Every structure is written in C-alpha cells, then in structure tokens.
There are 4 protein chains.
Amino acid sequence: MKAQVSDYCYMAIDLDGPEFLRDQVAAILRARIESGEYPPRRRIPPEAEFIEEFGVSRPTVRAALAILEDEGRIVTRRGKGRFVAGAES
Amino acid sequence: MKAQVSDYCYMAIDLDGPEFLRDQVAAILRARIESGEYPPRRRIPPEAEFIEEFGVSRPTVRAALAILEDEGRIVTRRGKGRFVAGAES
Amino acid sequence: MKAQVSDYCYMAIDLDGPEFLRDQVAAILRARIESGEYPPRRRIPPEAEFIEEFGVSRPTVRAALAILEDEGRIVTRRGKGRFVAGAES
Amino acid sequence: MKAQVSDYCYMAIDLDGPEFLRDQVAAILRARIESGEYPPRRRIPPEAEFIEEFGVSRPTVRAALAILEDEGRIVTRRGKGRFVAGAES
DNA sequence: GTGGTCTAGACCACC
DNA sequence: GTGGTCTAGACCACT
C-alpha cells in the first residue's frame, strides 16, 4: 500500500536517482507538483502523511520540503499547511 | 585509562600495525556475539563506544564491523544502530 | 473507541462546553500525580498521548498541563518532556 | 565555565536577543567572526565543541552554522571543518 | 491539528 | 576525527 522510497538497504526506488532519502522524497514530490497531481495554489498533504507514505522520519520529510521551498515550488504557512506556489499572492 | 585492544587480547600479541587492529577488533566482537554477550536480535554498542573502548579510530571500528556484517553476524540500520543477526521476525 | 474525558469522571457530569474540558483534564492528571501513579521526578506521558486518551485537542491538553505547571506540580523541558515536580537533585 | 546560551527556561542570555536557541547561537558566532575572534580563512571550532560550550544539541548547532553559511560568513569542507569566509578561494 | 523548534544519538562519507 | 544524513520523539506557536 505504501509508496516506499526505499526499504533501507533492501532496495532503492530508483538506482539512478538521488542518493539520499531526503533528495528522493523531494524528487517524488517535485514530480507530483510538475505533473499537476498537486495543482498550483492548492494545499499539499501534511508532513504526517508523507512520514507514513514514505516510511521516513519527520526531519527527512521536512528536509525534502525545505528543498522544494528553496526552489520556490511550495510556500509554507505555519498552522495552515504547505501550498503549491502559483501566480499572485 | 583507556582499555587498549591489546588488553582485551590478554597481552598475547604486540600490535604490529594498524592493519591488524581491524582484525583484532573484529575477533573480539565476534567472540562476544558467539558467547552470547551480544544476544541475537539485540543492538550492539554504537561505533563511538568501541572507539573509546579499544582506543582505535572510527575507520578501524567501521572496518571491523564491516567484516562482521560480511559474515552475516550483524546487520546495520542507519540512524538506529547495528544488531546481532538472528531468526527472522 | 476513545476514552472520553467524561468516562474518566465516571459520567458524573455533562460537558457544558470546551472551557470545562481543560479543568477536567487537569483534575484527572492532578489526581494521578497525587496518587503516585505519576511519581515525583518521573516523566509523564507526552501531549499526544493525552490528546488520544481524552479525545481532546492539543490546546486543551496544553492548557490543562499549564495549570499543573502553574501549581508547581510539573516542570517542562523542551524537547524532553514534562516531569512531576519533586525534591531537588 | 561554560558560556550557556540559556539554561532552558531558567534564563536567557539576552532577553532582547533572538528568540530561538538556534538564532542565539548563530548570533554569538556571528559576533565572533565580526570581532575577529574567528579570523578570515581560519578554521572555526568543530560542531562538538559548540555543543559542549553552549549546551545545546547537535542539530541546533548545525542549524546555527547553516544560517552563517547562508549568510556567506563561513564555508564548510566535509571531513575538514568549517572556515571563516575570506577573499579568494 | 498544522508547521516550527529542539533533544538525543545512531550510522555514513570523506579527509 | 571532521561534517553529512537519518531516526525517533518531545514540546512550542499559530490557525
């Protein structure tokens, strides 16, 4: 059921992909944004959901989301959630 | 103050060089696993403890642990520690 | 499935509003401290556990814990947890 | 002996200063760089030393150092240490 | 009930 | 023996 990023040394989701879990999670979420699965200006799932989905720790999820925020793909609103970046404020 | 590797070998041999330290450390830890001092499926002490206990460098400890892992005696879980191999759960 | 606060009060009272939940939770926890269920200088369960146990929101739990802290019954250590107050070490 | 940043709810080093430990540590180190205590192109102490000096966790120290790196005040060399930024590479 | 900060401590990669 | 990444889980601030 879960979309495992990796099962820790058992398998990697993509052997040609990013080296670290943080970067792998970021890559998956980046793809979801670019594909429109997470549409502009819409909220993305909370941290807790990614923790469960990918089976990684909260800091790893947060590090991945920080990458996407640095890239300008998402914005964070404390207490409200994270949103896909889009035209206008 | 520190317990040198040679202490654990009961002063039986002199240290001829760092390349032997690795095997000596591995031998000590292997004995602890086989004696049950480190029981199956239990975590073994962290790298840092062996560094201090044996007075050797981190790469030496890691090389010794890699030997035991190659032998299938321990398994490694990043961020969690190393565990003595045992019956599957 | 969840243990409601009212269960812990033995259904003695009805809930007239959320402002009372805080005091009820505080009263339950106060009783646990005084009875020794939560012994001095020991950590009490984390916020999340009380949220689940009592079926109340995080702010309600935190407000209840703040009461106990004001009363000097518990102390808070960020990143570590809350502890029952007791003789100094 | 230690230059405490704060003793966790007991006192803050500067009540008008930064709100978070991370920012407080960053501010102290920033001041040392600007004062010349940590001169340009010289190595600054390792993470472990700041952990001990300030009595904070490793992630907090790293977060503080990340701020200074973002500001361009220090550069990081894996396996070698962190250095105060200075003219020329 | 979200994200924000912090603690503690593990193993990893590199020098 | 440095910095890099990761785990696990606590409390905090805000909505």
Side-chain angles (χ1 to χ4, degrees), chain A residues 5-6 8-9 19-25 43-51 55-66 69 74-83, chain B residues 43-49 51 56-62 65-66 69 75-83, chain C residues 43-49 51 56-62 65-66 69 75-83, chain D residues 5-6 8-9 19-25 43-51 55-66 69 74-83:
Chain A
V5 169
S6 80
Y8 252 94
C9 304
E19 185 176 6
F20 300 112
L21 284 181
R22 177 192 64 182
D23 298 325
Q24 290 182 42
V25 171
R43 204 185 73 174
I44 66 174
E47 295 175 355
E49 199 161 308
F50 294 134
I51 291 168
V56 299
S57 71
R58 190 178 175 199
T60 298
V61 168
R62 287 175 60 76
L65 291 167
E69 181 146 33
I74 59 174
V75 294
T76 300
R77 302 224 180 147
R78 185 178 182 140
K80 297 181 75 174
R82 289 183 173 87
F83 299 80
Chain B
R43 206 181 66 182
I44 65 174
E47 293 175 357
E49 200 162 305
I51 291 168
V56 298
S57 71
R58 180 182 302 278
T60 300
V61 168
R62 288 174 58 76
L65 291 165
E69 182 145 32
V75 293
T76 299
R77 291 285 179 274
R78 184 167 177 165
K80 296 204 187 163
R82 290 183 173 85
F83 299 80
Chain C
R43 204 181 67 180
I44 67 174
E47 293 176 356
E49 200 161 304
I51 291 168
V56 298
S57 71
R58 180 181 302 278
T60 299
V61 168
R62 289 174 58 75
L65 291 166
E69 183 145 31
V75 293
T76 299
R77 290 286 178 273
R78 183 165 177 167
K80 297 203 184 162
R82 290 183 173 85
F83 300 80
Chain D
V5 169
S6 80
Y8 251 93
C9 304
E19 186 177 4
F20 299 111
L21 284 180
R22 177 191 65 181
D23 298 326
Q24 290 182 42
V25 171
R43 205 185 70 172
I44 66 174
E47 295 175 355
E49 198 160 307
F50 294 135
I51 291 167
V56 299
S57 71
R58 191 177 176 205
T60 298
V61 168
R62 288 174 59 76
L65 291 167
E69 182 147 32
I74 60 174
V75 293
T76 299
R77 300 221 184 151
R78 184 176 182 141
K80 298 182 74 176
R82 290 182 173 86
F83 299 81

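This one's a predicted model, so the numbers in the text were calculated from it and none came from an experiment. Naming: A, B, ... by sequence-line order, numbering from 1 per chain.
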Calculate the interatomic distance between Glu49(D) atom CD and dG1(F) atom C1'; express it in whole Å. 13 Å
Could you check which of dT7(F), dC11(E), dT7(E) has an atom nearest any side-chain atom of Thr76(B)? dC11(E)
Honestly, is Arg77(B) close enough over Phe83(B), meaning NZ or CZ under 6.0 Å from the six-membered ring centre and within 45° of the axis? no
State which of dG3(F), dT7(E), dG4(E) makes the closest approach to the side chain of Val56(D). dT7(E)
Here's a test of your reading of the structure: between Glu69(B) and Gly79(A), which maps to the more 5' nucleotide of DNA chain E? Gly79(A)
Take atom NZ of Lys80(B) and atom C1' of dA10(E), then tell me their distance rounded to the nearest Å. 11 Å
By the 4.0 Å heavy-atom rule, please label Arg62(B) as base, sugar-phosphate, or nothing. base
What's the CZ-C1' distance between Phe20(D) and dG3(E), to the nearest Å? 12 Å
For Arg82(D) and dT2(F), give me the distance from atom CZ to atom P, rounded to whole Å. 11 Å
Rounded to the nearest angstrom, tell me the gap between atom CZ in Phe83(B) and atom P in dA10(E). 11 Å
If you find the nucleotide of DNA chain F closest to Ile44(C) and the one closest to Arg43(D), which residue's nucleotide is nearer the 5' end? Arg43(D)
Has the side chain of Arg58(D) got a donor or acceptor that lies under 3.5 Å from a partner of the other kind on the base of dT7(E)? no
Return no unless some side-chain N or O of Arg22(D) is found under 4.0 Å from OP1 or OP2 of dT5(E). yes
